[in-house]
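Here is the structure we will look at, set down as structure tokens.
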Amino acid sequence: MADSEFYQNVYDLVRQIPEGRVCNYGLIARYLGSGRSSRLVGWAMNASHGEPKPVPAHRVVNRMGMLSGKAHFQTPTLMQELLEKEGIVVVDDQVQNFESVLWNPFQELSV
DNA sequence: CTCTTGACTGGTT
DNA sequence: GAACCAGCCAAGA
């Protein structure tokens with residue numbers, strides 16, 4: 001259940017992602033301690049729907065910068081719209097300049 | 001209790 | 001360079 005701090009850590013970390021930036025599951029998973037538990041991040045995001053606080057899951061994409069979780073949003077186009085609204089260029093469900101908008105918790109939070 | 005699926009990644013073939 | 005296999009944790013059937 002959401003008792004695990006892992007979920008809260010994921011939500012908190014995702015909420016710390018600034019606008020115009022995106023993060024990938026593996027990076028979040030690695031920051032939390034498990035580099036290959038990226039599936040848990042995805043599952044945590046799936047549970048984020050019932051969270052009282054809004055989670056900017058649209059800023060979370062897979063390692064290739066693809067909007068893998070867009071289908072889990074209210075609308076399949078909401079994710080792209082939100083990203084483009086924040087200044088992120090999305091083409092064919094892929095984030096352009098992915099490395100430029102990629103947000104690294106290690107670099108940003110560990111400075 | 002066992003098996004399958006899932007918003008994933010990395011390494012090997 | 002693309003495709004397949006293996007690993008990780010959790011929840012639903």
Side-chain angles (χ1 to χ4, degrees):
Chain A
M1 297 301 288
D3 262 10
S4 303
E5 291 183 26
F6 190 86
Y7 282 54
Q8 297 303 320
N9 285 335
V10 173
Y11 301 147
D12 190 47
L13 185 64
V14 173
R15 289 196 202 104
Q16 290 180 69
I17 301 176
E19 295 183 8
R21 291 287 169 86
V22 294
C23 196
N24 64 56
Y25 299 95
L27 207 54
I28 296 172
R30 186 185 285 261
Y31 184 79
L32 296 180
S34 303
R36 290 185 176 169
S37 59
S38 29
R39 288 185 177 171
L40 279 307
V41 179
W43 198 256
M45 306 316 295
N46 187 20
S48 68
H49 284 279
E51 281 294 299
K53 294 182 180 180
V55 179
H58 61 272
R59 294 180 191 151
V60 183
V61 297
N62 65 359
R63 72 176 182 93
M64 297 193 285
M66 191 166 120
L67 281 54
S68 50
K70 64 168 190 157
H72 290 259
F73 279 76
Q74 295 175 333
T75 59
T77 54
L78 180 62
M79 188 174 187
Q80 181 172 335
E81 286 184 38
L82 290 172
L83 290 175
E84 290 183 331
K85 193 174 184 179
E86 294 182 358
I88 298 175
V89 181
V90 181
V91 178
D92 191 30
D93 297 335
Q94 282 184 176
V95 176
Q96 304 302 301
N97 305 322
F98 181 58
E99 295 184 21
S100 300
V101 297
L102 182 59
W103 181 74
N104 296 1
F106 288 101
Q107 186 174 347
E108 300 293 329
L109 302 179
S110 201
V111 170

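The sequence lines fix the lettering, A, B, ..., with proteins before strands; numbering per chain opens at 1.
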Taking the side chain as every heavy atom from C-beta outward, state whether Leu67(A) and Leu83(A) have any pair of such atoms under 4.5 Å apart.
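Yes; the side chains approach each other to less than 4.5 Å.
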
Indicate whether any N or O donor in one side chain lies under 3.5 Å from an N or O acceptor in the other, for Asp12(A) and Gln16(A).
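Present: a donor and an acceptor within the cut-off.
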
Using whole Å, what does the distance between atom [atom2] of nucleotide [N] and atom [atom1] of [X] come to?
{"X": "Phe6(A)", "N": "dA10(C)", "atom1": "CZ", "atom2": "C1'", "answer": "10 Å"}
{"X": "Met79(A)", "N": "dA7(B)", "atom1": "CE", "atom2": "C1'", "answer": "8 Å"}
{"X": "Met45(A)", "N": "dT5(B)", "atom1": "CE", "atom2": "P", "answer": "24 Å"}
{"X": "Leu32(A)", "N": "dA7(B)", "atom1": "CG", "atom2": "P", "answer": "19 Å"}
{"X": "Tyr7(A)", "N": "dC9(C)", "atom1": "OH", "atom2": "C1'", "answer": "8 Å"}
{"X": "Leu40(A)", "N": "dT5(B)", "atom1": "CG", "atom2": "C1'", "answer": "14 Å"}
{"X": "Arg59(A)", "N": "dA7(B)", "atom1": "CZ", "atom2": "C1'", "answer": "17 Å"}
{"X": "Trp43(A)", "N": "dA7(B)", "atom1": "CH2", "atom2": "P", "answer": "8 Å"}

Atom P, compared across dA6(C) and dT4(B): separation rounded to whole Å
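One P to the other, the span is 15 Å.
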
Using a cut-off of under 3.5 Å, enumerate the N/O to N/O pairs linking the protein to nucleotides 3-7 of chain C.
unit_1	atom_1	unit_2	atom_2	d
dG7(C)	O6	Arg39(A)	NH1	3.2
dG7(C)	O6	Arg39(A)	NH2	2.2
dG7(C)	N1	Arg39(A)	NH2	3.2

Taking Lys70(A) as the fixed residue, which of Thr75(A), Thr77(A), Asp93(A) is the one that meets the side chain to side chain donor-acceptor pair (under 3.5 Å) rule?
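The side chain to side chain donor-acceptor pair (under 3.5 Å) with Lys70(A) is passed solely by Asp93(A) among Thr75(A), Thr77(A), Asp93(A).
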
ring-ring contact (aromatic ring centres under 6.0 Å, His included) against Phe73(A), all qualifying residues, sequence neighbours excluded:
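Testing Phe73(A) for ring-ring contact (aromatic ring centres under 6.0 Å, His included), a comparison that skips the adjacent residues, returns none.
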
When you measure from the side chain of Ser48(A) to the backbone of Glu51(A), do you find a donor-acceptor pair of N or O atoms at a distance under 3.5 Å?
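Between the backbone of Glu51(A) and the side chain of Ser48(A) there is no qualifying donor-acceptor contact (under 3.5 Å).
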
Of the non-hydrogen atoms in Pro105(A) and Leu13(A), which two are nearest, and what is the gap between them?
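Looking at all heavy atoms of both residues, the shortest contact is CB-CD1, 4.0 Å.
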
With respect to the side chain of Ser48(A), which nucleotide from dA7(B), dG10(B), dT9(B) is positioned closest?
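Within the option list, the nearest is dA7(B).
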
Just how far is it from atom CD of Glu86(A) to atom CZ of Arg21(A), taken to the nearest 0.5 Å?
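Atom-to-atom, Glu86(A):CD and Arg21(A):CZ are 11.5 Å apart.
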
Heavy atoms only, 4.0 Å cut-off, all strands: where does [X] land among base, sugar-phosphate and nothing?
{"X": "His58(A)", "result": "nothing"}
{"X": "Ala57(A)", "result": "base"}
{"X": "Asn62(A)", "result": "sugar-phosphate"}

